[in-house]
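First comes the structure, then the notes that go with it.
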Amino acid sequence: MTDFTQAQLAALTKAIATGVRFVEQGGKRTQFASITDMLALRDRMIRELEGATDAPKRPLANGSVFLKR
């Protein structure tokens, strides 16, 4: 069983997509050192949530959601 929720995953994913390094939820603010740390946590959350719901496994995205130019 996981301690993560879909709402936490959604909030983290939104923060990553907007390029901020913090997440506010339930009156608490969590600051991350880097987007890389956020991506690693997001991937862990996905794995744990999928394991908790027995959802079909899908490969996690490699690297960043941002394009390097």
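Here the structure is a predicted model, which is why all the values come from computation and not from measurement.
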Just verifying a value: how many Å separate M38 CE and I16 CD1, rounded to the nearest 0.5 Å? 5.0 Å
Non-hydrogen atoms of A15 and V23 that approach each other most closely: CB-CG2, 3.9 Å
So the salt bridge (Lys or Arg N to Asp or Glu O under 4.0 Å) pairs with at least one residue in residues 10-19 (sequence neighbours excluded) are none
Checking A7 now: which residues fulfil side chain to side chain contact (heavy atoms under 4.5 Å, CB included) with it, not counting sequence neighbours? T5, Q25
Separation of L49 CG from D3 CG (nearest 0.5 Å): 10.0 Å
Shortest non-hydrogen separation from F32 to F22 and the atoms involved: CD1-CA, 4.4 Å
Please, which pairs that meet salt bridge (Lys or Arg N to Asp or Glu O under 4.0 Å) have at least one residue in residues 19-36, sequence neighbours excluded? E24-R29
Are the side chains of I46 and F4 in contact, using a 4.5 Å heavy-atom criterion? no
With rounding to the nearest 0.5 angstrom, report the CZ to CG distance, R44 to L9. 12.5 Å
Could you measure the distance from the CG atom of D37 to the CD atom of Q31? Nearest 0.5 Å is fine. 11.0 Å
Locate the shortest heavy-atom distance separating L12 from M45; write the atom from each residue and the value. CD2-SD, 3.6 Å
